[in-house]
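Have a look at the structure below before the remarks.
Chain letters run A, B, ... following the sequence lines, proteins first and then strands; every chain starts at 1.
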2 protein chains.
Amino acid sequence: MSSLTHPMQLILTLVKTHNQALKPLENTLSVHGLSFTEWLVLHRLSQSSDHTIKRVSLADSIGVTASGVTRLLLPMEKVGWVERVANARDARVSLVRLTHGGLEAYQQATQSIEYAAERVTNMMNQQQVEQCMGLLSSLHLSAIDASQLS
Amino acid sequence: MSSLTHPMQLILTLVKTHNQALKPLENTLSVHGLSFTEWLVLHRLSQSSDHTIKRVSLADSIGVTASGVTRLLLPMEKVGWVERVANARDARVSLVRLTHGGLEAYQQATQSIEYAAERVTNMMNQQQVEQCMGLLSSLHLSAIDASQLS
DNA sequence: GCATAATACTTTACTACTCAAGTATTATGC
DNA sequence: GCATAATACTTGAGTAGTAAAGTATTATGC
């Protein structure tokens, strides 16, 4: 019926699962006035030393472009979750720092999203969750590898 | 360091893998003048009886809204890959049919995307691919379940 | 030290959607 | 059979990004 190769079937499953799994998490975050990408920003900042990071590094680690970060941070600065910090050594770079308010928003949103993530994985036991993570990681590495060839 | 729950770590891995894995496939398809979503349309049509399907069913099966389908099909009709077919019994519905040209485009693009998918999974053996698919499917089912609660 | 290149952004124009409202048609209850 | 609701779309307005070009600053080769 399908007649697609197994790797291609895996991709289709990956895409469908991604879309389905993300929806409830985004709904949960929207209560906190946060998009998933914004939560990623707060998460990344929360684990940086000094809660501060270069904008390009942030872009890289959350998987958006530099211009994406510019647009993403604008409203977050206005709300006061993050602030702009200049770099004395290099006037080109401007750092982003998580504010106290931003950390609090992150901690509250994280409680909600983790609970939602638990509901979304309710049919899996912990071993399956870890196994799935491992398999996805090796797929992830292959993908990086493959994209460098083309 | 991360201090996130395992389910949440799985979600992060899922998102990252999804984005990384899709890029090479989209690059491959772009050679054929096709986006990934458009390939999904052709794929879905190719496995429908008579190569024909209702627009809402199509929307559902590829994971976009009805209005998304309208916008998606417009250029595909112009290029001649699909055509609009009226339904005699119900004037509300308009069906989409894969044309001969559309089928040819699909078959060629599928050869490329399947090859790309193989490269993207080159670090996994067939057993791992199938296992990963199975785990993602159970995650998928949980997600549907969870979204119905909220 | 000075031209050229590279880096770190920002801005402009675009794409690919979404949601909500609008239109047309068919189904349902009484 | 006629009002009300439901269904199947389409359209208008908005969102979340991208890619390419622009600006400012720093690094590199000679």
Side-chain angles (χ1 to χ4, degrees), chain A residues 15-16 18-20 22-27 29-30 33-42 44 52-79 82-97 147 150, chain B residues 15-16 18-20 22-27 29-30 33-42 44 52-79 82-97 147 150:
Chain A
V15 170
K16 196 163 271 184
H18 171 267
N19 295 337
Q20 283 288 351
L22 230 58
K23 265 176 216 162
L25 303 203
E26 279 167 348
N27 289 341
L29 283 179
S30 76
L34 225 57
S35 73
F36 183 76
T37 315
E38 286 171 332
W39 179 84
L40 278 181
V41 168
L42 297 182
R44 183 70 186 79
T52 305
I53 194 178
K54 269 175 61 183
R55 290 165 102 85
V56 274
S57 316
L58 179 60
D60 239 49
S61 67
I62 66 172
V64 301
T65 59
S67 99
V69 159
T70 298
R71 294 185 192 303
L72 196 51
L73 292 182
L74 207 74
M76 298 182 77
E77 286 165 10
K78 283 193 182 154
V79 167
V82 300
E83 59 192 10
R84 190 179 281 262
V85 180
N87 185 335
R89 307 217 172 163
D90 189 338
R92 286 171 305 182
V93 334
S94 84
L95 306 159
V96 206
R97 180 162 58 205
S147 70
S150 65
Chain B
V15 170
K16 195 163 273 185
H18 172 267
N19 296 336
Q20 283 288 350
L22 231 57
K23 264 176 219 163
L25 302 203
E26 281 168 347
N27 288 341
L29 283 178
S30 76
L34 225 59
S35 72
F36 183 76
T37 316
E38 286 171 332
W39 180 85
L40 278 181
V41 168
L42 297 182
R44 183 70 187 78
T52 304
I53 193 178
K54 269 175 60 183
R55 291 166 102 84
V56 275
S57 316
L58 180 59
D60 240 48
S61 67
I62 66 172
V64 300
T65 60
S67 99
V69 160
T70 297
R71 300 190 140 82
L72 197 50
L73 291 182
L74 207 74
M76 297 182 76
E77 286 165 8
K78 284 194 182 153
V79 168
V82 300
E83 60 192 8
R84 190 180 281 261
V85 179
N87 184 336
R89 308 215 170 164
D90 189 339
R92 287 171 303 182
V93 333
S94 83
L95 305 159
V96 206
R97 179 162 59 207
S147 70
S150 65

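Atom CG of B:Leu58 is separated from atom P of D:dA8 by 14 Å (rounded to the nearest Å). Here D:dC9 presents its C1' atom at 13 Å from CD of B:Glu77, a figure rounded to the nearest Å. Across the protein-nucleic acid pair, B:Leu40 atom CG and C:dC17 atom P stand 10 Å apart, rounded to whole Å. In this entry the distance linking CG of A:Asp60 with P of C:dA8 reads 10 Å, nearest Å. Rounding to whole angstrom units, CZ of residue A:Arg89 and C1' of D:dA27 are separated by 16 Å. As rounded to whole Å, 14 Å separates atom C1' of D:dT15 from atom CG of A:Leu74. Regarding B:Leu22, its CG atom lies at a distance of 11 Å from the P atom of C:dC17, rounded to whole Å. Remark: P of D:dA6 and CZ of B:Arg92 are 13 Å apart, rounded to the nearest angstrom.
The partner of D:dG1 is C:dC30, judged by Watson-Crick or G-U wobble contacts that both fall below 3.5 Å. When both distances must be under 3.5 Å, the Watson-Crick or G-U wobble mate of C:dC17 is D:dG14. Summarising the base pairing, D:dA19 is matched to C:dT12 through a Watson-Crick or G-U wobble pair whose two defining distances lie under 3.5 Å. Partner assigned to D:dA24 is C:dT7, using Watson-Crick or G-U wobble distances below 3.5 angstrom.
Considering only heavy atoms from C-beta on, B:Leu22 comes within 4.5 Å of B:His18 through its side chain. The shortest side-chain heavy-atom distance between A:Val64 and A:Leu58 does not fall under the 4.5 Å cut-off.
Proximity of a side-chain donor or acceptor of A:Ser61 to a complementary backbone N or O of A:Ser57 within less than 3.5 Å is detected.
At the heavy-atom level, B:Ser94 lies under 4.0 Å from the strands shown only through sugar-phosphate atoms. Counting non-hydrogen atoms under 4.0 angstrom, A:Ala66 reaches a base of the nucleic acid. Note on B:Val64: only backbone sugar-phosphate atoms sit closer than 4.0 angstrom, heavy atoms only; bases stay farther off.
The side chain of B:Thr37 places no N or O atom within less than 4.0 Å of a non-bridging phosphate oxygen (OP1 or OP2) of C:dA16. Put simply, A:Arg84 has a side-chain N or O that comes within less than 4.0 Å of OP1 or OP2 on C:dT10.
Across the interface with DNA chain D, nearest-nucleotide mapping of A:Gly63 and A:Asn87 shows A:Gly63 to be the residue nearer the 5′ end. Place B:Arg71 and A:Arg55 on DNA chain C by their nearest nucleotides, and A:Arg55 ends up nearer the 5' end.
In this structure, the separation between CZ on A:Arg89 and CG on A:Asn87 is 8.0 Å, given to the nearest 0.5 Å. In this structure, CZ on B:Phe36 lies 10.0 Å from CD1 on B:Ile62, to the nearest 0.5 angstrom.
Here the side chain of B:Val93 is nearest to one of D:dC9, C:dT10, D:dA24, namely D:dC9.
No hydrogens or angles were tested; on distance alone, a donor-acceptor pair under 3.5 Å links the side chain of A:Ser67 to the base of D:dA19.
Between A:Glu77 and A:Arg55 there is a salt bridge, since a side-chain N of the basic residue sits under 4.0 Å from a carboxylate O of the acidic one.
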